[in-house]
Amino acid sequence: MQATDSKRTYQLPNAQDQLPDLSLWLDALAGLINSWLRALLTAPVIVEGLSYVDNYIPRVLRPRLGQVVTVHMNNCQPPSLEIFNCHGDVDLQIEHLENTIELNIFQPTPIGLATLQCFFVYRPAQHLAPIHLITEGHGDRVRRLYGETWIDNSDDPTEFKDRANPDISLLGNGFIITEEHVNSVCQIVGNSSQHYSYATSSGLRAPMEFIYYAATPSIMCFLSSTVFGDGQLGIVHLYNKITLVDGTTPLMVGDRISSSLCVEELTNTTSGKRITIVGLLSRSGQAVAHIETAFISHNLAVCINKTFQRGNQQRLTIQLATANDVAALEAKEWFVYCENVSARVSAGSHVEFCLDSMYRFKSEAIHSSISITGRAFTTARSGRLVHIANIDFESGVSAKDPVVEFLRRYEVPSTMSLADGDGYSLVSPRNQELLQFTVPDSNCEYAKVSADGNTIHVNPYITDIAGLPSTITHGMWTSASTRALVECYAANDDPERIRMCQTNFVGMVLPRYKLRTELFHIGMKGGRMLVKGVTSKVGGDPVLECTAKIEQPTTAYVFTGQGSQEVGMGMELYKQSTAVCDVWDCVDQHMVAKYGVSLLKIVQTNPKELTVHFGSNAGEELQRNYISLTRRHSGDKGKVASLFPEITLDSSSYMYRSPTGLLNSTQFTQVALVTFALAAVADMRTNSLV
């Protein structure tokens, strides 16, 4: 320590075990005379409005490696205090003017210094609680800090573009993927896939995380806006979900990604206020991916009349089993058939609804208003969707949504097949060490490449104000590191196979943590693998859970031909699966109606003889069907002849015979084998295996 009449300067050591004791250190900074500084460092609480909070200033001013701390003096009183880091840059200033204390914490950004300003009033007469936070404007000052550190204001660094309208969409079109950016991200998150290191004839690929990076400026703009309000210091990332549009090709270096994001939800929960942001990312005018991400600010709430929840392009498929069910739908005032469209809903048919909704709240459980619009579709024989009706519903105060509640009664469950328990591990126990990784010492490099300069990740003074144990590792760093393992071990190092990845952040990650990931194949959905990943502290609790939908490798299902038939083939599945039953029954009904033969009977009993009678009116129709069957000879100039020449208009019956059973007769064997294959595929589709 060096002391003069005008200042005291303390140079702290660079070794952790040489740092001074906290209480001795704070006592030295406070000085021997009662002053605002001593009160700031020793008061047990700070008054914030009507609340008392633990005094966080002692945590902020705790001794740190390599610090230089200067306490300026004037007539034995300290007017200010400054802290410099080991590089000589000022990190923090505290100044006292009259009875106001101004705390400034500085955060470097690519375009200058951002500042967190906190103002306090010193009231020495209130001995137990002499330090009072000036709450007026405090939330705005915190939001300004986050606006300056989260949002690129390089065109005008002094401008903080607030957003107060929750109904606007934020557009971005200036995000260009570069090779340098890809290399930096992969190095920092530990993604060593060759696809991001070596270019092919089509170029160099970029990881899925670049969807989030392209959306980051708009996400951060909403989080630091008047729409979200105060609470940035307590923001927690809940989850992030990226879904690639079917048919889209991988992200490539050189792609320019545009985005359109909006707030889907701003609500109060028992834990705090929650915001959900959704959007569409595009490349060259073509949709690439959908993004959905949610955050919560603990112990804060939004004014109830500002809360809302919207849904865009929500899809529901229903099946109305009876005519009464159809009549119930058609009786709803909100269901209106389109003019000049003849198609109508029929019993047993599927109807697909595409809905846009807006809910506003009177309380957490009561809606103040509901607005739902949308369209209803049926499927034509060609497979094309036909728009048959419009949905239009408005309601005032209501506890329920009558439209969705009605449709849910008839909703067709999504086709998904889940494995028993937690599924099975995708990595053998002897290779589990390959799924372990260590969190970096610093979050600064990831903050740069991700453009997420949230100060709780990079500024230890601000994390002390927020009451955190240290700077917090970015959730998206842990997500990217985990997804790299999913890509490697679940998708066999084929990034294009991952079509959706949702990450739920369930625990705090700090620098230098050792983490391990477990990967499980838990089921199938829509022909895609469902893979669950759990990343935990080694020997500790989970910090992240993720779910990925992974395209199966191109697969051919080959069914054996004649000679593989056997009595009862497919019948066990016929008893278990509705889809299989439907296929066999459909073919059997056709065979009985057209040719008087039950295919099911042949497969189940393999009779050696079977007689078709032509005596009745139905028999005469069968007779005509047989007579109409012809074949073309390969020789004899392609002459056409009857397939059953022995059947004439005078025939009263026809008998099939086979000494080994009719299942072994080609005309039945082939039909049975094809039906068996179709039924097997139907069952696989029902179970989302294809």
* What distance do Ile177 atom CD1 and Leu251 atom CG have between them, rounded to the nearest 0.5 Å? -> 4.5 Å

* Any donor-acceptor pair under 3.5 Å linking the side chain of Thr555 with the backbone of Pro553? -> yes

* **Proximity of Phe210 and His181 rings by center, below 6.0 Å** => yes

* I would like to know whether Thr471 and Thr463 meet side-chain hydrogen bond (donor to acceptor under 3.5 Å, both in side chains); could you show each step before the answer? => CA-CA 6 Å; Thr471 53; Thr463 59; over 6 Å; no

* Asked: Side-chain contact, heavy-atom cut-off 4.5 Å: Thr373 with Asn390?
  -> no

* To do: Step by step, work out the side-chain hydrogen bond (donor to acceptor under 3.5 Å, both in side chains) result for Asp683 and Thr686.
  => CA-CA 5 Å; Asp683 183 64; Thr686 299; 5.5 Å; no

* Which heavy atom in Asn443 sits nearest to a heavy atom in His457, and how many Å separate them? -> ND2-O, 2.8 Å

* Asked: How close do Phe505 and Gly475 get, heavy atom to heavy atom, and via which atoms?
  -> CE2-O, 3.0 Å

* No-hydrogen, no-angle side-chain donor-acceptor test under 3.5 Å, Ser357 and Gln314 -> yes

* Asked: Regarding Glu545 and Tyr239, is there a side-chain donor-to-acceptor distance under 3.5 Å anywhere?
  -> no

* Asked: Is any NZ, NE, NH1 or NH2 atom of the basic residue among Arg528 and Asp246 found under 4.0 Å from an Asp or Glu carboxylate oxygen of the other?
  -> yes

* Between His237 and Thr293: side-chain donor-acceptor atoms closer than 3.5 Å -> yes

* Which class fits the ring pair Phe353 and Phe335: parallel under 30°, tilted 30 to 60°, perpendicular over 60°? -> tilted

* Look at Glu330 together with Arg344 and state whether they make a salt bridge at an N to O cut-off of under 4.0 Å. => no

* Asked: Would you say Gln552's side chain and Gly527's backbone share a donor-acceptor pair under 3.5 angstrom?
  -> yes

* Flag if over 12 foreign heavy atoms under 6.0 Å of CD, Gln576 -> yes

* Do the non-hydrogen side-chain atoms of Tyr212 and Ser450 ever get within less than 4.5 Å of each other? -> no

* Using a distance-only test with no angle check, is there a side-chain donor-acceptor pair under 3.5 angstrom linking Tyr424 and His521? -> yes

* To do: Give a yes or no on whether a salt bridge exists between Glu264 and Arg310, defined as a side-chain N under 4.0 angstrom from a carboxylate O.
  => no

* Asked: Are any side-chain N or O atoms of His367 and backbone N or O atoms of Ser398, one a donor and one an acceptor, separated by less than 3.5 Å?
  -> yes

* Under 6.0 Å from the CD atom of Gln286, do we count more than 12 heavy atoms belonging to anything else shown? -> no

* Asked: Is the number of heavy atoms from other residues, nucleotides or ligands under 6.0 Å of Arg141 CZ greater than 12?
  -> yes

* To do: State whether Asp140 and Arg143 are salt-bridged, where the test is any N-O pair (Lys NZ or Arg NE/NH1/NH2 against Asp/Glu carboxylate O) under 4.0 Å.
  => yes

* Asked: Hey, are Glu411 and Arg408 close enough for a salt bridge, meaning a charged N less than 4.0 Å from a carboxylate O?
  -> yes

* Under the side chain to side chain contact (heavy atoms under 4.5 Å, CB included) rule, what do Thr267 and Val302 come out as? Steps first, then yes or no, please. => CA-CA 7 Å; Thr267 56; Val302 186; over 6 Å; no

* Verify side-chain hydrogen bond (donor to acceptor under 3.5 Å, both in side chains) between Arg256 and Ser284, making sure each step is shown before the conclusion. => CA-CA 7 Å; Arg256 177 187 287 271; Ser284 302; over 6 Å; no

* To do: Just do the side-chain hydrogen bond (donor to acceptor under 3.5 Å, both in side chains) check on Tyr146 and Asn454 with the steps written out, would you?
  => CA-CA 7 Å; Tyr146 276 80; Asn454 187 340; 3.2 Å; yes

* Check: Asp493/Ser193 side-chain N/O donor and acceptor closer than 3.5 Å -> yes

* **His387 side chain vs Ala389 backbone, donor-acceptor pair below 3.5 Å** => yes

* May I have the step-by-step check of side chain to side chain contact (heavy atoms under 4.5 Å, CB included) for Ile372 and Tyr359, ending in yes or no? => CA-CA 9 Å; Ile372 299 177; Tyr359 307 93; 4.2 Å; yes

* Is the number of heavy atoms from other residues, nucleotides or ligands within 6.0 Å of NZ (Lys306) greater than 12? -> no

* To do: Test Arg205 against Glu496 for salt bridge (charged side-chain N to carboxylate O under 4.0 Å, His left out), laying out the working first.
  => CA-CA 10 Å; Arg205 292 185 180 183; Glu496 197 170 352; 3.6 Å; yes

* Lys/Arg N to Asp/Glu carboxylate O, Glu352 vs Arg315, below 4.0 Å -> yes

* Within the distance-only criterion (no hydrogens, no angle test), does the side chain of Thr307 pair as donor or acceptor with the backbone N or O of Ile304 below 3.5 angstrom? -> yes

* Side chain proximity check, Asn504 to Leu238, heavy atoms < 4.5 angstrom -> no

